[in-house]
**Q** 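Provided herewith is a single structure, encoded as structure tokens, for subsequent inquiry.
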Amino acid sequence: MTSIALVVALAGCSKEQDGEERNYATPNSLCGVAVKSILISPFLPPGDHVSTKRTFPDGGTEQCTLTVDRANVTVIAKQKWWPEKDSVLDVAPSSVWRKSRHTVEGDNFLYSGIGAVGKTKDCADPTHPDQSLFTIIQSFTPDREDARTMQKLIKAYTKEVEQSKACHPKRPEPSKS
């Protein structure tokens, strides 16, 4: 019985690359939007406790904040309605795209080592006409830059948002006959 308890206890604790420990389990979602914990983990610092908080700061934004040890905001993920004609560069917080190394991937993704923006495909909402649903992720943990993982994280997060109830499929325009 003791060995089972030890295995369970160790499952919630992970070793960081620099030898520091996390005494918490990395979440496998961002406030209900499923994302593999391995994609979130590189942006989280060592500590004892991680918590998530879902807020709606304005009429077109849903925000998920990950905090470690009740004091350090480490990751913020957002779903935000924005004018349809705008690009990921228009939506990206300046801290993300002003990094010396950021990448724009087509019209749908922009990412750097500390953040990313995604533009969903075919999402509509009658309360947000002529707007597109964008996803935004920002990391605030010092010395935790990882552009390759951020690229994977924004793509996975955007795909899950596209499949969620936040995204209503766009209806085709009625033909004028």
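One-based numbering along the sequence shown. Note: hydrogens, waters and symmetry copies are ignored here, and every other heavy atom, side chains too, is used.
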**Q** Using modelled atom types only, decide if a donor and an acceptor are shared between the side chain of D125 and the backbone of T127 within a distance under 3.5 Å.
**A** yes

**Q** Please walk me through it: do T141 and L44 pass side chain to side chain contact (heavy atoms under 4.5 Å, CB included)?
**A** CA-CA 7 Å; T141 307; L44 299 178; 5.6 Å; no

**Q** Output, in order, the C-alpha distance, side-chain angles, deciding distance and verdict of side chain to side chain contact (heavy atoms under 4.5 Å, CB included) for K53 and T67.
**A** CA-CA 8 Å; K53 182 177 182 182; T67 305; over 6 Å; no

**Q** Provide the closest heavy-atom pair for V88 versus G118 in the form atom of the first, atom of the second, distance.
**A** CG1-C, 4.3 Å

**Q** Following the transitive rule for hydrophobic clusters with a side-chain heavy-atom cut-off under 4.5 Å over Ile, Leu, Val, Met, Phe, Trp and Tyr, establish whether L153 and V161 coincide in one cluster.
**A** yes

**Q** Could you tell me whether the side chain of T26 and the main chain of S37 form a donor-acceptor pair under 3.5 Å?
**A** no

**Q** Nearest 0.5 Å please: distance from the NE2 atom of H128 over to the SG atom of C123.
**A** 12.0 Å

**Q** Do V75 and V73 sit in one hydrophobic cluster, given that two such residues count as connected whenever their side-chain heavy atoms are within less than 4.5 Å of each other, even indirectly?
**A** no

**Q** Compare every heavy atom of V68 with every heavy atom of P45, then report the nearest pair and how far apart it is.
**A** CD-CG2, 3.8 Å

**Q** Stepwise, does the side chain to side chain contact (heavy atoms under 4.5 Å, CB included) test hold for T52 with L30?
**A** CA-CA 8 Å; T52 59; L30 295 168; over 6 Å; no

**Q** Mark yes or no for whether D48, through its side chain, and N23, through its backbone, hold a donor-acceptor pair below 3.5 Å.
**A** no

**Q** L39 versus T149: any side-chain heavy-atom pair under 4.5 Å?
**A** yes

**Q** Output the distance between atom OH (Y157) and atom CE (M150), rounded to the nearest 0.5 Å.
**A** 12.0 Å

**Q** Could you check whether atom CG of D86 has more than 12 heavy atoms from other residues, nucleotides or ligands sitting under 6.0 Å from it?
**A** yes

**Q** Please check: side-chain N/O of S164 versus main-chain N/O of A166, any donor-acceptor pairing under 3.5 Å?
**A** yes

**Q** Are K121 and N108 side-chain neighbours, meaning at least one heavy-atom pair lies under 4.5 Å?
**A** yes

**Q** Going by atom types only, do T74 and N72 share a side-chain donor-acceptor pair under 3.5 Å?
**A** no

**Q** Check whether any side-chain heavy atom of F43 sits under 4.5 Å from a side-chain heavy atom of I137, and report yes or no.
**A** no

**Q** Rounded to the nearest 0.5 Å, how far apart are CD of E160 and OG1 of T135?
**A** 12.0 Å

**Q** Give the cluster check for L110 versus F140: same hydrophobic cluster or not, with ILVMFWY residues linked at side-chain heavy-atom distances below 4.5 Å.
**A** no

**Q** Under 3.5 Å, is there a donor-acceptor pair linking the side chains of Q63 and T65?
**A** yes

**Q** Count the heavy atoms of every other residue, nucleotide or ligand shown that sit under 6.0 Å from CG of D58, and state whether that count exceeds 12.
**A** yes

**Q** Hydrophobic cluster membership, with links at side-chain heavy-atom distances under 4.5 Å among I/L/V/M/F/W/Y: are W81 and I76 in one?
**A** no

**Q** Could you check whether the rings of F134 and W82 sit parallel, tilted or perpendicular, using 30° and 60° as the cut-offs?
**A** perpendicular

**Q** Are R22 and S41 close enough that a side-chain donor and a side-chain acceptor fall under 3.5 Å?
**A** yes

**Q** With heavy-atom distances below 4.5 Å as the criterion, would you say the side chains of F109 and K155 are in contact?
**A** yes

**Q** Atom NZ of K36 and atom CG of N28: how far apart are they, to the nearest 0.5 Å?
**A** 11.5 Å

**Q** If you define the side chain from C-beta out and look only at heavy atoms, does anything of V50 sit under 4.5 Å from P27?
**A** yes

**Q** Quick one: are E84 and S132 in side-chain contact, heavy atoms under 4.5 Å?
**A** yes

**Q** How long is the span from the CG atom in L89 to the CG atom in D107, to the nearest 0.5 Å?
**A** 11.5 Å

**Q** E62: which residues meet the salt bridge (Lys or Arg N to Asp or Glu O under 4.0 Å) condition with it, sequence neighbours left out?
**A** R54

**Q** Considering non-hydrogen atoms only, spot the tightest contact between P129 and P126 and give its length.
**A** CD-O, 3.5 Å

**Q** Which heavy atom of T120 sits nearest to which heavy atom of E162, and what is that distance?
**A** CA-OE2, 3.4 Å

**Q** Minimum heavy-atom separation for P42 to D146, with atom names?
**A** CB-OD2, 4.0 Å

**Q** With sequence neighbours excluded, what pairs up with R70 under the side-chain contact (heavy atoms from CB on, under 4.5 Å) test?
**A** H49

**Q** Can you measure from NZ (K119) to OG (S87) and round to the nearest 0.5 angstrom?
**A** 7.5 Å

